[in-house]
Undergrad: 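Quick one: the structure is below, questions incoming.
In what follows, every heavy atom counts, from backbone to side chain, and hydrogens, waters and symmetry copies are set aside. Note on naming: letters A, B, ... go to the chains in the order of the sequence lines (proteins, then strands), and numbering restarts at 1 for each one. Here the structure is a predicted model, which means the values were calculated and not measured.
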Number of protein chains: 2
Amino acid sequence: MSVHVLETATSVLLRDPTASLGEVAKAAGVGRTTLHKRFPTRSDLIHALATEALDLVDAAISSVDTGSDTAIEQLVAKLVPLGPRVEFLLRFPNLRDDERLSMRLTVMDQPVIDLISRLQGTRLRADLPAWWIAQTLYAGVYSAWEGIAAGRLAPLDAPGLVLTTFYQGVSHVGAADRS
Amino acid sequence: MSVHVLETATSVLLRDPTASLGEVAKAAGVGRTTLHKRFPTRSDLIHALATEALDLVDAAISSVDTGSDTAIEQLVAKLVPLGPRVEFLLRFPNLRDDERLSMRLTVMDQPVIDLISRLQGTRLRADLPAWWIAQTLYAGVYSAWEGIAAGRLAPLDAPGLVLTTFYQGVSHVGAADRS
DNA sequence: ACCGTTGTGAACATGAGTGTTCACGTCCTC
DNA sequence: GAGGACGTGAACACTCATGTTCACAACGGT
């Protein structure tokens with residue numbers, strides 16, 4: 001059940017970052033006292049949510065075989081379902097106030113950067129900064145999750161959409177565009 | 001000066017959505033009383049920030065000549081500098097609670113969707129939903145702003161980076177990738 | 001049947017943010 | 001120089017989230 005509480009809390013706090021602990025507890029179907037017993041203070045709760053999100057994202061990233069040809073495909077497939085957790089990490093800027101969390105946040109996507117750097121020159125363009133490519137990938141994943149949450153996108157269509165846009169852009173084939 | 005207050009308030013509230021009005025006032029270099037005189041309640045302030053952001057984005061969008069060949073280029077160039085305002089509209093989900101704001105938010109990017117729809121088949125791929133292309137464009141703009149804010153990207157490089165990624169993706173030329 | 005664990009609501013004290021008022025400066029205008 | 005407009009800090013009462021405690025109910029294992 002603990003897991004469900006964290007999940008609900010994440011979505012509630014994403015919908016309204018100023019939501020009271022009472023609202024969070026009610027949404028999770030649990031008493032405020034119970035919530036307080038598990039997370040003595042509001043910061044503790046936020047911290048726990050961030051830690052869990054980081055754990056999940058870390059697990060997703062390290063579960064991909066970075067040597068495989070389909071490494072990026074695996075990554076996207078793993079990240080899209082984590083939508084709300086990724087969103088949480090992005091939308092709570094003051095997570096960086098915590099030393100430990102801040103470090104994990106900065107280190108988190110190093111494997112992704114490394115993977116991209118290694119692929120630049122073969123599968124990926126070498127004239128773009130690696131961090132930009134990573135950012136583009138994340139943005140695609142996040143946009144896809146948003147589309148799913150809004151009901152505009154079928155979950156099964158998401159990875160394909162992200163990947164084709166990521167790789168090929170949105171230009172009509174045959175038109176040689178320039179910036 | 002009013003403009004500067006709104007700008008500062010936006011950045012403060014983005015950094016910490018729970019920031020007190022006192023902090024906002026201090027950051028803007030005005031007394032809390034003065035702030036209160038202009039915006040009697042916290043909601044009024046938020047509402048004013050959202051309205052101003054919407055005005056700026058609206059102005060940016062409607063300032064581009066949608067008939068021009070460089071419509072999208074113009075759009076990107078106009079949107080990137082609006083970074084914080086766009087971020088504000090994205091990161092305050094409960095703006096939708098206000099009837100008027102909600103309507104403006106949903107109507108806002110209709111011209112962009114229309115422009116994209118019109119370009120699909122000529123310059124833009126027709127096998128992707130128009131909303132997805134728009135989303136991809138926004139995501140690129142936002143990522144660019146983020147890069148600028150973090151000091152990783154020179155403001156002048158931003159539009160080019162966004163556009164080349166948007167149009168062509170990140171695939172190395174010569175590699176025929178598939179999703 | 002007993003007892004530890006766990007979840008719960010009720011109640012309370014406290015602190016912080018908020019809305020409001022007031023009296024005091026400063027600047028500009030007439 | 002009188003008077004209004006505007007910004008300001010100090011002070012106040014009020015609300016509300018929060019942290020904390022306590023007594024009670026449900027459950028499971030021994």
Undergrad: Are A/Asp55 and A/Arg85 ion-paired here, with the side-chain N under 4.0 Å from a carboxylate O?
TA: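 Salt bridge absent between A/Asp55 and A/Arg85.
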Undergrad: So, using salt bridge (Lys or Arg N to Asp or Glu O under 4.0 Å) as the criterion, who are the partners of B/Asp69 when residues are at least two apart?
TA: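 By the salt bridge (Lys or Arg N to Asp or Glu O under 4.0 Å) rule, B/Asp69 matches no residue at all.
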Undergrad: Can you check the A/Ile46 CD1 to D/dG19 C1' distance for me, whole Å?
TA: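 For the pair A/Ile46 CD1 and D/dG19 C1', the rounded distance is 16 Å.
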Undergrad: Measure CD/A/Glu23 against P/D/dC16 and give the value in whole Å, please.
TA: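 Distance check: A/Glu23 CD to D/dC16 P gives 12 Å.
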Undergrad: Are A/Ser20 and A/Arg32 linked by a side-chain donor-acceptor pair shorter than 3.5 Å?
TA: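 Side-chain D/A pair, A/Ser20 to A/Arg32: absent.
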Undergrad: Find the distance B/Leu21:CG to C/dT20:P and express it as a whole number of Å.
TA: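 Roughly 12 Å, once rounded to whole Å.
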Undergrad: Would you kindly compare A/Arg32 and A/Lys37 by the position of their nearest DNA chain C nucleotide and give the one closer to the 5′ end?
TA: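 On the 5' side of the pair lies A/Lys37.
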Undergrad: Count the heavy atoms belonging to other residues, nucleotides or ligands that lie under 6.0 Å from CZ of B/Arg100, then report whether that count exceeds 12.
TA: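 At most 12 heavy atoms, drawn from other residues, nucleotides or ligands, come within 6.0 Å of this atom.
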Undergrad: How many Å lie between CZ on A/Arg42 and P on D/dG19, as a whole number?
TA: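 My rounded result for the distance is 8 Å.
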Undergrad: If I take atom CZ in residue B/Arg38 and atom P in nucleotide C/dG19, what distance separates them, rounded to the nearest angstrom?
TA: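 Answer to the nearest Å: 16 Å.
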Undergrad: In whole angstroms, how far is the P atom of C/dT18 from the CG atom of B/Asp44?
TA: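 Going from B/Asp44 (CG) to C/dT18 (P), I get 13 Å.
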Undergrad: I'd like to know if B/Arg123 pairs up with B/Glu73 as an ion pair, taking the criterion as any Lys NZ or Arg NE/NH1/NH2 lying under 4.0 Å from an Asp or Glu carboxylate oxygen.
TA: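 Yes, B/Arg123 and B/Glu73 are salt-bridged.
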Undergrad: Do any of residues 12-20 of chain B sit with a heavy atom less than 4.0 Å from DNA chain D, and if so which?
TA: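 Hits under 4.0 Å, by residue number: none.
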Undergrad: For A/His36 and for B/Thr33, find the nucleotide of DNA chain D with the closest heavy atom, then tell me which residue's nucleotide is more 5'.
TA: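 Mapping each residue to its closest nucleotide by heavy atoms, the 5'-most match is B/Thr33.
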Undergrad: If the condition is ring-ring contact (aromatic ring centres under 6.0 Å, His included), which residues does A/Phe92 pass it with, not counting sequence neighbours?
TA: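 Applying ring-ring contact (aromatic ring centres under 6.0 Å, His included) to A/Phe92 gives A/Phe88.
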Undergrad: Using whole Å, report how far CG of B/Leu45 lies from C1' of C/dG17.
TA: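 Taking atom C1' of C/dG17 as the reference, CG of B/Leu45 is at 14 Å.
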